[in-house]
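In what follows, every heavy atom counts, from backbone to side chain, and hydrogens, waters and symmetry copies are set aside.
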Amino acid sequence: DIKEGLREFRKRSLVSLDTMQQRALVTNKTTVVDEIEADKQLLRECINNIDPSKFTKGTDFRKYIPDILFVDYLAKYKSKV
């Protein structure tokens with residue numbers, strides 16, 4: 001299943017965000033915790049909202065990979081946690 005493959009790809013980002021969120025919690029950076037939680041929710045939704053039936057071929061679907069899956073979260077939050 002194509003969506004399952006994207007979920008595995010997304011999992012790396014979620015694990016990284018979880019780690020950074022824990023660091024932010026330990027240092028009481030609640031704004032950063034909330035920011036990270038929002039990113040995690042967007043990552044969850046970006047795949048759940050994909051309707052594979054709209055694509056006639058696998059190659060069509062490959063062209064639609066949500067940009068959010070390519071965000072460098074380590075770089076985004078490095079200075080904040």
Lys11 vs Glu4, test: salt bridge (Lys or Arg N to Asp or Glu O under 4.0 Å). Steps then yes/no.
CA-CA 10 Å; Lys11 185 177 179 180; Glu4 203 52 46; over 6 Å; no
In the structure I gave you, are the side-chain heavy atoms of Glu37 and Gln21 within less than 4.5 Å of one another anywhere?
yes
Rounded to the nearest 0.5 Å, what's the gap from OG1 on Thr30 to CG on Leu25? Could you check?
9.0 Å
Asp72, CG atom: more than 12 neighbouring heavy atoms under 6.0 Å:
yes
Using the rule that Ile, Leu, Val, Met, Phe, Trp and Tyr join whenever any side-chain heavy atoms are under 4.5 Å apart, tell me whether Tyr77 and Phe70 fall into a single cluster.
yes
Quick one: does Thr19's side chain get under 4.5 Å of Tyr73's, heavy atoms only?
no
Less than 4.5 Å apart, side chain to side chain, heavy atoms only: is that true for Arg23 and Val33?
no
Flag, side chain of Lys40 to backbone of Asp18, donor-acceptor distance under 3.5 Å
no
Value for CG (Leu14) from CZ (Phe9), rounded to nearest 0.5 Å, stands at 11.5 Å
Say you draw a straight line from CZ of Arg10 to CG of Leu17; how long is it, rounded to the nearest 0.5 Å?
11.5 Å
Hey, are the side chains of Pro66 and Ile50 touching, using non-hydrogen atoms and a 4.5 Å cut-off?
yes
CE on Met20 to CG on Leu74, rounded to 0.5 Å
4.5 Å
Interatomic spacing from CG in Leu6 to CG in Leu69 - rounded to 0.5 Å:
6.0 Å
Check whether any side-chain N or O of Lys76 sits under 3.5 Å from a backbone N or O of Val71 as a donor-acceptor pair, and report yes or no.
no
Assess the side chains of Glu45 and Gln41: does a donor N or O sit below 3.5 Å from an acceptor N or O?
yes
Roughly how far, to the nearest 0.5 Å, is the OG1 atom of Thr31 from the CD1 atom of Ile36?
11.0 Å
